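Below: one structure, written as structure tokens.
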Amino acid sequence: MPEDAVHLDEIAARRAAEALIVDVDGYEGPLDVLLQLSRTQKVDLRQISVLQLAEQYLQFVDEAKALRIELAADYLVMAAWLAFLKSRLLLPPDPQDEGPSGEDLAAHLAFQLERLQAMRDVAARLMARDQKGRDFFPRGQTQMVERVRRVRYTATLLDLTQAYARIRTRDEFRPYVMDRDKVMTMEEALDRLRPLVGFAGEWTDLSSYMPDGWDDDPVKRRSATASHFAATLELVKAGHIELRQGETFAPIELRAREAVGD
Amino acid sequence: MTDNDQGDDAPRDSLFEAPLEAEQERMVEAILFATAEPISIPELNARLPHGCDAERALDALRRRYEGRGVAVVRVGEAWAIRTAPDLGYLMQKETVETRKLSRAAIEMLAIIAYHQPVTRAEIEEIRGVSVSRGTIDQLLEMEWIRFGRRKMTPGRPVTFVVTQDFLDHFGLETARDLPGLRDLRASGLLESRPPPDRDTGGDEDDEGDDQNEMFED
Amino acid sequence: MTDNDQGDDAPRDSLFEAPLEAEQERMVEAILFATAEPISIPELNARLPHGCDAERALDALRRRYEGRGVAVVRVGEAWAIRTAPDLGYLMQKETVETRKLSRAAIEMLAIIAYHQPVTRAEIEEIRGVSVSRGTIDQLLEMEWIRFGRRKMTPGRPVTFVVTQDFLDHFGLETARDLPGLRDLRASGLLESRPPPDRDTGGDEDDEGDDQNEMFED
């Protein structure tokens with residue numbers, strides 16, 4: 001029914017007006033209020049009358065005061081600024097004044113309102129998009145990617161040559177020190193061999209006479225080999241044993257020389 | 001012994017010869033299916049055998065899945081597989097309750113998305129109110145926004161930009177695909193326009209350049 | 001959360017007519033992709049619009065994925081999409097950390113490079129310290145050294161030589177190109193030693209032949 005409709009419209013308008021005033025907390029600051037007020041002009045924001053808007057806002061502040069609603073400082077700052085803008089827009093421009101014209105200020109305010117409205121519009125469009133977890137979905141059964149850490153070693157050619165030069169020159173630059181604990185003298189070897197060779201009835205590899213513990217370290221092994229070999233030569237000279245070697249680098253073998261003595 | 005040697009040589013060859021294209025497509029398919037996160041092309045190439053071309057394989061894969069129940073989608077500089085949006089109603093069990101964003105947070109998110117890189121002061125200027133720390137924190141925590149590089153303006157303020165997660169969440173290939181972006185730019189509403197009572201120096205241009213860079217097409 | 005609810009959310013048509021088979025396949029594909037757990041056929045049917053045949057759709061989907069990078073597989077009484085077994089290796093992400101070779105290793109490597117083919121005992125003799133098994137293994141694993149021919153000396157010890165990988169890494173064509181080798185020799189730092197590889201012949205021959213075959217280059 002048309003009568004009812006009109007009635008409802010009026011109620012809605014009154015409620016909106018009340019809400020506008022009472023529910024200041026519902027606004028996000030003066031710019032938000034201005035944007036709401038601008039809607040009552042029912043024109044494109046680009047054609048908005050800033051002067052009319054300023055008056056609407058000032059009225060809004062007055063009404064809030066009448067209802068003894070405490071307005072935050074920034075609402076009052078905006079009211080003061082709009083009152084200033086209003087006077088600028090109404091009075092003819094002062095040629096002495098170097099500041100921006102009332103039109104410039106009004107244009108900027110209109111721009112701000114249009115921009116804020118545009119941001120609200122796109123925010124709504126953004127939220128209306130298909131959203132992950134609501135409209136489309138990622139993989140449900142994900143597979144862990146196993147992380148394998150691999151260490152890669154590297155060296156430069158310089159490292160290599162320097163290392164080699166270091167090895168080859170090490171002995172030359174080292175002051176001569178006898179490393180007693182790694183050296184076996186011929187006398188020591190003789191003392192070890194003398195009681196042992198008597199049992200060598202058959203050809204036995206010289207290396208089998210090496211003392212325990214001298215085989216691991218190459219320096220010690222070399223020293224022991226050399227001293228034992230020298231000791232066997234001494235024993236040959238003394239006529240206790242004989243030596244033989246099959247060929248170059250073949251094992252050196254020794255045997256007690258009792259048969260000759262007989 | 002000899003057979004064995006040949007067997008060892010075979011995989012060696014494949015180190016120098018890239019797998020067939022169809023095989024590369026299979027590999028990209030397997031990698032994308034295994035994760036919920038978008039994967040970048042360099043990352044894909046790093047995981048594929050030497051000599052593969054992830055970009056080409058992706059292209060083939062994307063065409064293969066056209067019109068299917070899942071789709072290969074681009075998310076910023078990365079790629080992911082997502083269910084087709086028209087089938088969302090079948091996934092009630094999978095629906096994730098997202099934290100309700102306040103109106104202020106949604107507005108701020110839109111401002112950051114459309115104006116990025118944007119400073120806190122610029123957000124405040126656009127909204128006409130000061131930005132609450134909690135709102136920024138919430139968006140940062142959701143990983144929908146992050147800090148961008150500092151502006152070359154006095155004070156070198158930090159900026160905010162939207163993230164790959166943001167693009168992923170809203171099904172955007174790039175920030176250029178934001179709804180209505182073109183119109184907003186055409187109408188000049190994304191230009192940084194300081195109030196007329198302030199000095200309008202050269203700073204303005206710099207800011208404009210930053211923005212253009214972000215949305216370069 | 002009854003079947004009825006789901007039916008209401010589905011497109012209107014589905015209340016009266018089951019979706020086309022291709023569409024059912026898409027649906028099953030999306031559900032299998034997005035579920036966190038494998039899903040059984042009764043469960044699938046419960047989630048699909050009324051009149052769908054999950055078993056048949058699943059069968060079609062399974063055939064569609066044959067030979068692809070992922071496969072529709074049966075897990076007990078349920079179904080899931082899984083990476084194709086032959087592509088499992090792609091699910092590893094290798095991070096490579098580069099470290100300098102230890103001093104012992106670089107020295108040993110240098111000796112092998114300058115003296116190859118060289119036995120372990122010879123390396124020990126030159127370095128003046130015993131060679132640790134670990135260092136040899138490390139160089140072998142890096143494929144910078146390999147076994148060369150056995151020496152024709154008593155015990156027929158194995159020798160070590162450097163590999164093509166070694167030459168590639170150091171940008172050398174042959175080991176002869178090692179810088180400073182001539183300089184070192186000229187300065188008397190590299191005294192030539194009597195070549196010990198004279199054939200010894202004799203009883204070890206049979207065994208030796210076998211081994212030569214093994215280490216043939």
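In this text, all values refer to a predicted model and were calculated from it rather than measured experimentally. In the text below, chain A, chain B and the rest are named by the order of the sequence lines, each starting its count at 1. Basis for what follows: all heavy atoms, side chains included, without hydrogens, waters or symmetry-related copies.
Among A:Pro218, A:Gly246, A:Ala250, A:Pro251, the residue with the largest count of heavy-atom pairs under 4.5 Å with chain C is A:Pro218. Per-residue heavy-atom pair counts under 4.5 Å with chain C were compared for A:Thr154, A:Thr142, A:Asp217, A:Val219, and the maximum is reached by A:Thr154. For the set C:Glu37, C:Arg82, C:Met108, C:Glu124, the count of heavy-atom pairs under 4.5 angstrom toward chain A peaks at C:Glu37. The greatest number of non-hydrogen atom pairs below 4.5 Å with chain A, out of C:Ser102, C:Ala30, C:Pro38, is found for C:Pro38.
Comment: C:Asp137 engages C:Arg133 in a salt bridge, judged by a side-chain N to carboxylate O separation of less than 4.0 angstrom. Ion pairing between A:Glu202 and A:Arg255 fails under the 4.0 Å rule for side-chain N and carboxylate O. Salt bridge absent: A:Arg192 and A:Glu188 never bring a charged side-chain N and a carboxylate O closer than 4.0 Å.
Interface residue A:Ala155: backbone and side-chain heavy atoms are both found under 4.5 Å from chain C. With a threshold of 4.5 angstrom between heavy atoms, C:Phe166 approaches chain A through side-chain atoms but not through N, CA, C or O. With a threshold of 4.5 angstrom between heavy atoms, C:Ile81 approaches chain A through its backbone and through its side chain. For C:Glu141, no part sits under 4.5 Å from any heavy atom of chain A, backbone or side chain. With a threshold of 4.5 angstrom between heavy atoms, A:Pro138 approaches chain C through N, CA, C or O but not through any side-chain atom.
A distance below 6.0 Å separates the ring centres of C:Phe160 and C:Phe147.
Looking only at atom types and distance, the side chain of C:Tyr65 has a donor-acceptor partner in the side chain of C:Glu29 under 3.5 Å away. Looking only at atom types and distance, the side chain of A:Gln41 has no donor-acceptor partner in the side chain of A:Ser38 under 3.5 Å away.
Contact of the C:Trp79 side chain with the C:Arg62 side chain is registered, since non-hydrogen atoms from C-beta on lie closer than 4.5 Å.
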